[in-house]
Amino acid sequence: MRIETGLKLGFKDVMIRPKRSTLSSRSQVTLDRNFTFLHSKYKWNGIPIMAANMDTVGTFEMAKELAKHKIFTAIHKHYSLQEWKEFMESISDEMTDYFSVSTGTGSADSEKLAIIMKEHPQIKFICIDVANGYSEHFVNFVKKARKLYPTKVIMAGNVVTGEMVEELLLAGADIIKVGIGPGSVCTTRVKTGVGYPQLSAIIECADAAHGLGGQIVSDGGCKIPGDIAKAFGGGADFVMLGGMLAGHTESGGKTIEINGEKYKQFYGMSSETAMNKHVGGVADYRASEGKTVEVRYRGAVENTVQDFLGSLRSTCTYVGASKLKELTKRTTFIRVQEQHNEVFSK
């Protein structure tokens, strides 16, 4: 046993210090990024925000809508082969830059992924997603995937420390998913005591990834638009959103009416709800590590997208970053005890 006493921070612990700027309008800020990925060598352009691969967020409908803004969707792994066929027939080739097919590491997952990739070779991105990216089995799966799909962009995770980022990049991943326990419907930290404050995880993992020429996606922990800016300021190349994109027309989950108000169900992918739906219940050797909530219906996702993109442009003007790429170079975090005045908060 050992104790690390170094400071570890989450989004709530900091704010971004403003700096002098020559920008006169938010309209002068460019949010597009250009990346050439480490192993696939694929060149990508877009706004590096991702919808999470949860079946209440990462839907085909969400992917179609977000792609209009050049925003990415990690499509959840529970669609059938027929549903994938119908989706692929309904989109243009240009849209394939803005979604990934997701997979676990089981044999059934591998077989299903192989069929999807064979039937739809125009798909460019694969998301290999497990809750615990520290296992040797996971690393070996990434190595195998790189050999099977040498030209595809592989996103893999989740991890929260630099040495594991390096191992997964060396194993063949292009983008590493960073985050254990910060999600709004994740209970891993409560059930297991395991986790890592998200901002510190981003800073450490981005440093490790960039040293090898890879990228990271901050997965989880964003409650408000300002948290997206803090994630980018900390060095994240992409930011993945779950709860912030839940509850919309394009989101998955049942629609429920409570006291005359419409809500949509939102749950973690390790929750009892998800496991009952997809794998016949919670296995007797494990516990649920997610919760199920009802999110007030929020209408079309378009309005939410405009809100967080406008907020991100505003962050950039406060620190004088004309491009999103410049934000981390111009970010100074200050430690705080409170974020905002809550006198009129509900």
Side-chain angles (χ1 to χ4, degrees), residues 44 46-104 108-129 149 152-155 175 177 183 185 217 219 238-256 262-269 271 273-274 277-279 292 295 297-306 308-309:
W44 183 85
I47 294 177
I49 292 173
M50 295 182 169
N53 51 309
M54 309 167 77
D55 65 5
T56 48
V57 178
T59 64
F60 288 146
E61 294 77 18
M62 184 70 75
K64 288 179 179 179
E65 188 59 37
L66 294 185
K68 296 175 185 177
H69 301 271
K70 299 201 294 185
I71 293 174
F72 197 94
T73 300
I75 293 171
H76 71 77
K77 72 175 187 177
H78 298 292
Y79 281 118
S80 69
L81 297 175
Q82 179 60 30
E83 287 170 322
W84 267 104
K85 184 174 184 291
E86 292 168 3
F87 171 68
M88 293 303 294
E89 289 172 349
S90 72
I91 64 169
S92 65
D93 280 351
E94 290 77 24
M95 193 184 145
T96 58
D97 266 2
Y98 301 108
F99 68 85
S100 67
V101 58
S102 296
T103 181
D109 291 318
S110 298
E111 291 166 13
K112 184 177 178 182
L113 175 64
I115 295 169
I116 292 172
M117 299 308 289
K118 182 178 180 181
E119 292 183 350
H120 311 292
Q122 65 270 49
I123 293 176
K124 300 181 178 76
F125 289 78
I126 298 169
C127 175
I128 306 172
D129 180 65
Y149 310 108
K152 305 302 181 183
V153 182
I154 295 177
M155 176 164 54
I175 308 167
K177 283 179 75 193
V185 286
V217 51
D219 177 16
F238 295 85
V239 176
M240 183 171 274
L241 304 177
M244 287 184 69
L245 291 174
H248 295 92
T249 305
E250 299 83 359
S251 309
K254 290 190 297 186
T255 301
I256 303 165
K262 282 175 70 176
Y263 292 79
K264 292 197 83 170
Q265 197 176 55
F266 176 51
Y267 48 81
M269 296 310 290
S271 67
T273 302
K277 182 176 181 180
H278 298 300
V279 294
T292 301
V295 178
Y297 177 64
R298 299 162 73 187
V301 76
E302 166 77 18
N303 297 325
T304 297
V305 169
Q306 294 295 352
F308 65 63
L309 293 185

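This structure is a prediction, so every number in the text was calculated from the model and none was measured. Numbers here simply count residues along the sequence, with the first being 1.
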Closest heavy-atom pair and its distance - [X], [Y]:
X: K112; Y: L81; answer: CG-CD2, 4.0 Å
X: A67; Y: M95; answer: CB-CG, 3.6 Å
X: Y98; Y: G46; answer: CE2-CA, 4.1 Å
X: N53; Y: S102; answer: CB-OG, 3.3 Å
X: D97; Y: K124; answer: OD1-CD, 3.2 Å

Any donor-acceptor pair under 3.5 Å linking the side chain of [X] with the backbone of [Y]?
X: R298; Y: T249; result: no
X: E250; Y: E61; result: no
X: K264; Y: S251; result: yes
X: H248; Y: A246; result: yes
X: K152; Y: I123; result: yes
X: E111; Y: A108; result: no

Rounded distance [0.5 Å steps], [atom1] in [X] versus [atom2] in [Y]:
X: T103; Y: H76; atom1: OG1; atom2: NE2; value: 13.5 Å
X: M62; Y: M54; atom1: CE; atom2: CE; value: 11.0 Å
X: Y149; Y: I154; atom1: OH; atom2: CD1; value: 9.0 Å

Exercise. Can the ring centroids of F87 and F99 be said to lie less than 6.0 angstrom from one another?
Worked result: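 Centroid separation for F87 and F99: below 6.0 Å.
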For this session: Could you tell me whether D109 and K77 make a salt bridge, using a distance below 4.0 angstrom between a side-chain N and a carboxylate O?
Result: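 Salt bridge between D109 and K77, a charged N being under 4.0 Å from a carboxylate O: yes.
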Taking C-beta and beyond as the side chain, do [X] and [Y] meet within less than 4.5 Å on heavy atoms?
X: V185; Y: F266; result: yes
X: L241; Y: M50; result: no
X: M88; Y: H120; result: yes
X: K85; Y: S80; result: no
X: F72; Y: S100; result: yes
X: V217; Y: M155; result: yes
X: V101; Y: F125; result: no
X: L66; Y: L245; result: yes

Problem set entry | For E119, all residues meeting side-chain contact (heavy atoms from CB on, under 4.5 Å), sequence neighbours excluded |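 E119 satisfies side-chain contact (heavy atoms from CB on, under 4.5 Å) with I115 once adjacent residues are dropped.
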For this session: Would you please name every residue forming a side chain to side chain donor-acceptor pair (under 3.5 Å) with S110, sequence neighbours left out?
Result: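 None.
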For this session: Would you check if there is a donor-acceptor pair between the side chains of T59 and Y79 at a distance under 3.5 Å?
Result: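 Side chains of Y79 and T59: no pair found under 3.5 Å.
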Problem set entry | Aromatic ring pairing F238/W44, orientation class (parallel under 30°, perpendicular over 60°, tilted between) |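 It falls in the tilted class, 30° to 60°.
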For this session: Report the C-alpha separation of I49 and L309 in whole Å, then their side-chain angles, then the decisive distance to 0.1 Å, and conclude whether the side-chain contact (heavy atoms from CB on, under 4.5 Å) test is met.
Result: CA-CA 10 Å; I49 292 173; L309 293 185; 4.0 Å; yes
Exercise. Should K64 and T73 be marked as a side-chain hydrogen bond (donor to acceptor under 3.5 Å, both in side chains) after you check the CA-CA gap, both sets of side-chain angles, and the distance that decides it?
Worked result: CA-CA 9 Å; K64 288 179 179 179; T73 300; over 6 Å; no
Problem set entry | Q265/V295 under side-chain contact (heavy atoms from CB on, under 4.5 Å): CA gap, chis, key distance, verdict | CA-CA 6 Å; Q265 197 176 55; V295 178; over 6 Å; no
For this session: Please list, chain by chain and in numerical order, all residues satisfying salt bridge (charged side-chain N to carboxylate O under 4.0 Å, His left out) with K70, sequence neighbours excluded.
Result: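 Testing K70 for salt bridge (charged side-chain N to carboxylate O under 4.0 Å, His left out), a comparison that skips the adjacent residues, returns D32.
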Problem set entry | side-chain contact (heavy atoms from CB on, under 4.5 Å) between I126 and V153, worked out | CA-CA 6 Å; I126 298 169; V153 182; over 6 Å; no
Problem set entry | Test side-chain hydrogen bond (donor to acceptor under 3.5 Å, both in side chains) applied to E94 and S92, step by step | CA-CA 5 Å; E94 290 77 24; S92 65; 3.2 Å; yes
